[in-house]
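Worksheet: one structure, shown below.
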Amino acid sequence: MCGIVGYIGDKKVSEVIIEGLRRLEYRGYDSAGIAVVDRDGTLSMQRSAGKLTRLCEKLEKNPIDHGTYGLGHTRWATHGRPTEENAHPHTDNDGKIVVIHNGIIENYLELKKEMESKGHLFKTDTDTEVAAHLIGKNFDGSLIDAVRISIPMLRGHYAFLVIAVNDPDKIVAVRNGPPIVIGLGEDENFVASDIPAILPYTRKMVFLNDGEIAEVTRKNLNIYDFNGEKIEPDVQTINWDPIQVEKGGYKHFMLKEIFEQPRAVRDTLYGRIAPEEGDVYISEINLDEEQVRKINRIIIDACGTSWHAGLVGKFYLEQLTGLPVEVDYGSELRYRDPIVNENTLGLIITQSGETADTISAMRILKEKGARLVSICNVAGSMASRQSHGVVYTHAGPEIGVASTKAFTSQLIALLLIAVHIGRRNGFLKKEEAMNILEDMMKLPHHMEIGLEHLPGKLEDIAKELSNKRDFLYLGRGLCYPIALEGALKLKEISYIHAEGYPAGEMKHGPIALIDENMPVVALAPGDKVYEKMLSNIEEVKARDGIVLALVDTNDTNLIGKADYIIELPIVPDLMKPILYTVPLQLLAYYIAVKLGADVDQPRNLAKSVTVE
Ligand code: AGP
């Protein structure tokens with residue numbers, strides 16, 4: 001949450017920063033600001049409440065044309081309302097130290113009181129301003145020393161960038177939780193909270209680890225731990241294509257990312273499977289035969305959409321490995337005392353690799369002896385580095401706040417892991433694995449067929465249903481988590497109340513809600529619970545609910561019963577959750593567009609949730 005960008009070099013500083021913020025706006029968008037320092041030491045700052053466009057309008061009237069280095073921020077408010085005053089950057093008491101920050105400084109009130117008693121004047125309600133004052137108080141000519149002295153006094157989970165007018169031509173970056181990535185250029189360097197801000201300029205990047213401080217000048221990068229020990233930067237080359245962070249002709253990133261799913265699934269799959277051998281090869285999973293044989297239990301740790309992927313993963317893993325699987329929210333797992341030992345596999349699912357709750361829970365699993373494998377979309381992210389093994393999803397950068405292609409890629413990764421473990425612990429027979437892998441290879445083509453004919457139909461249905469205020473999504477078995485995911489997509493981007501339920505639970509409560517105003521989205525593929533789903537649909541119709549049924553092609557059983565029918569290509573049961581996700585994403589998308597909602601940047605949300 002919150003996007004931070006820093007630049008030092010010969011390009012027009014304000015332009016690089018604003019362009020970087022534009023690419024990071026999915027991290028937070030309730031206010032924005034920029035600070036640039038000129039060759040003669042003049043500090044120029046502009047801030048604005050609201051989206052980045054408001055800041056750009058201000059900059060058009062009062063441009064910041066000069067400058068050799070600077071910082072910018074797009075905010076997701078935690079402490080203090082999203083006003084111009086609370087927008088970052090914030091300065092110290094003398095206005096010479098400038099800070100932008102992501103995360104929370106938990107002891108800011110204590111520090112604020114102490115500094116107020118010594119004459120410091122605070123202008124905002126933010127925790128960030130306290131960090132600026134503290135660094136200013138400890139400044140004695142060297143910015144990095146002032147930061148190093150200040151860090152032990154700060155409690156919390158934070159990442160920040162600092163510049164000092166009186167120690168010019170450098171940006172100091174600190175990571176104690178939320179991500180910081182440094183992009184290395186020729187006679188110029190970049191700092192940001194996420195790769196897309198930097199990708200147009202360089203693919204050579206260094207990810208700061210927790211507990212590290214970087215001093216970035218136009219020619220050098222020096223990294224130290226919090227004790228001042230020098231650390232050799234680990235330079236990585238990112239293979240994402242800069243084109244992937246553009247809309248490429250689509251109206252929204254979300255729509256583009258929905259259409260990218262066949263490609264994302266192929267990329268996550270290819271190079272990892274040997275269908276003729278009935279096996280998968282994922283070297284970075286770092287689980288050898290002996291380690292696999294030791295596993296007697298799997299705990300999945302995730303949040304939000306990734307948690308829904310985990311629920312599907314439970315079905316895959318139990319069915320293909322014979323092992324018991326629990327799925328937990330990171331925010332719950334971290335405060336429980338889970339039963340974990342060295343025979344437990346902790347499976348961490350996170351698109352960003354930075355979600356605070358997921359990361360805290362994974363640390364607990366690790367402390368208790370579990371072996372950790374993360375399913376992650378961002379190379380070098382915290383989850384990938386803190387796990388023993390990692391299975392990357394190759395979805396490419398996901399910019400839309402509502403997760404789409406990352407989710408379906410996570411399901412592919414989970415199937416791969418299930419086959420990997422099932423083949424090595426002897427539970428999954430070679431022939432069965434061969435069939436599953438063949439089916440997986442055909443899946444992108446089925447998704448493409450779906451994407452050809454679904455959008456028009458769903459757009460029409462969306463027009464008719466967009467005036468409804470409550471939706472119920474029902475599914476059974478492998479499609480029950482997809483019902484939850486469909487409901488989450490709708491509420492996230494259209495602000496319509498939606499509940500996802502296992503269809504068998506409907507009679508235990510939610511059935512009371514059904515009347516002629518309640519659309520019920522029923523996932524009824526021809527699987528082993530199909531007839532049960534038909535009965536549930538009858539129950540909805542008997543109470544005048546509006547049914548949108550998703551069924552296999554040529555299913556005629558619901559004609560004349562369901563109000564709307566969407567047909568999907570017939571695929572084997574394990575593939576159904578992946579395929580059936582697509583129409584639910586499109587339905588949510590078209591309803592949100594019809595309502596005029598901000599699809600890519602829905603209110604109150606942020607792409608990576610790096611606070612508790
Ligand atoms: C998905 O549409 C959400 N915006 C959200 O639930 C997300 O999946 C969750 O915050 C977890 O993120 P992660 O996968 O990056 O850990």
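When a ligand or atom number is given, it counts from 1 through the structure's own listing order.
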Less than 3.5 Å apart, which donor and acceptor atoms pair up between the side chains of residues 496-505 and the rest of the protein, not counting sequence neighbours?
residue: His497; atom: ND1; partner: Asp470; partner atom: OD1; Å: 2.7
residue: His497; atom: NE2; partner: Glu499; partner atom: OE2; Å: 3.4

ask   = What's the shortest heavy-atom distance between Arg75 and Cys2, and which atoms?
value = CA-SG, 4.0 Å
Sequence-distant partners of Glu459, side-chain hydrogen bond (donor to acceptor under 3.5 Å, both in side chains), two or more places apart = none
request  = Heavy atoms only: give me the nearest Gly400-Asp600 pair and the separation to one decimal.
outcome  = CA-OD1, 3.9 Å
Could you pull out all donor-acceptor pairs under 3.5 Å where a side-chain atom in residues 387-394 meets a protein atom, sequence neighbours excluded?
residue: Ser387; atom: OG; partner: Ser374; partner atom: OG; Å: 3.1
residue: Ser387; atom: OG; partner: Ala383; partner atom: O; Å: 2.7
residue: His388; atom: ND1; partner: Leu372; partner atom: N; Å: 2.8
residue: Tyr392; atom: OH; partner: Gly380; partner atom: N; Å: 3.4
residue: Tyr392; atom: OH; partner: Ser384; partner atom: OG; Å: 3.3
residue: Thr393; atom: OG1; partner: Cys376; partner atom: O; Å: 3.2
residue: Thr393; atom: OG1; partner: Asn377; partner atom: OD1; Å: 3.1
residue: His394; atom: ND1; partner: Asp267; partner atom: O; Å: 3.1

message = Any side-chain to backbone donor/acceptor pair from Glu398 onto Lys405? Under 3.5 Å, distance only.
response = yes
query = For ligand 1, what are the residues with a heavy-atom contact below 4.0 Å?
reply = Cys303, Gly304, Thr305, Ser306, Thr350, Gln351, Ser352, Thr355, Val401, Ala402, Ser403, Lys489, Glu492, Val609
